[in-house]
Amino acid sequence: MARIISSFRPDLVVNTGDISFDGADLEEDLAFARGCHSDLDVPLRAIPGNHDVGDNPGQLDVPMPITEQRLLRYRSHFGDDYWLHDVGLWLLIGLNVQLFGSGMAAEEEQWAFLSSAASQAHGRPIALFVHKPLFHMDPDEADVNHRYVPPDHRRRLMDMLGASVRLVASGHVHQHRRHRVGNVDHCWAPSTAFVLPDSRQPRLGTKHVGYIDYTFGEIG
Ligand SMILES: [Fe+2]
């Protein structure tokens, strides 16, 4: 990936997590993952996944929930876990959805950040970067599934951002899928590392490794 990025030289690289294999537990995994990005000669933004900071607590049986210690460790290697990137025609917003349901102070701080970020759109489209997809097929589905953002937090998120959101770009699933609901493209990035066999994970999109190349221009 570093060689591909070096040859294409995009304006920005966004890693939508999981950046590390077991960084939630092992600091050396986070350090190794950060080192893999150290040669990139373009701007980088990252958001953490469950393998980097732990998972949403209270969602099914979560063996490794997000904690203050895990979050601070992640931030010490990768910086802000949620961010705003203004590219002129579009507003790019990265969120740490692993915080949802945690009850941590950072969760409320992120909601306040999001409210302020959304107010800066001034009618411009928003591209939202999150680790987990918001849902499987339908924004109103109520199933609690660790593959997606918890339903009540998804609803609050979509209500807060309103119609400005035109793209939701996610990671997590190790499969690529593009699914349009209303005016919003929900694009699952494939993993750069590996796919899972059908015996371990149902086939929901296409299973291959790769990356997504976005261009943020005028909406026709
Ligand atoms: Fe994940």
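Both counts, for ligands and for their atoms, begin at 1 and track the order of listing. Worth saying up front: this structure is predicted, and the values here are computed from it rather than measured. Index from 1, following the sequence.
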>> Below 30° counts as parallel, above 60° as perpendicular, anything between as tilted: where do the rings of His179 and Phe135 land?
In response: perpendicular

> What is the ring orientation for Phe113 with Tyr82, classed by angle as parallel under 30°, tilted 30 to 60°, or perpendicular over 60°?
Replying inline: tilted

> Less than 4.0 Å between a side-chain N and a carboxylate O, is that true for Arg178 and Asp185?
Replying inline: yes

> So which protein N/O/S atoms does the Fe ion (ligand 1) have within less than 2.8 Å?
Replying inline: Asp18 OD2, Asn50 OD1, His131 NE2, His172 ND1

> Using the ring of each side chain (for Trp, its six-membered ring), is Phe100 parallel, tilted or perpendicular to His153, with breaks at 30° and 60°?
Replying inline: parallel

>> Determine whether Asp80 and Arg75 satisfy the following criterion, salt bridge (charged side-chain N to carboxylate O under 4.0 Å, His left out), listing intermediate values before the conclusion.
In response: CA-CA 6 Å; Asp80 293 341; Arg75 285 177 175 171; over 6 Å; no

>> Which Ile, Leu, Val, Met, Phe, Trp or Tyr residues join Tyr214 in one cluster when any pair of side-chain heavy atoms under 4.5 Å counts as a link?
In response: Leu12, Val14, Ile47, Trp83, Val87, Leu89, Trp90, Leu92, Phe129, Leu167, Ile212, Phe216, Ile219

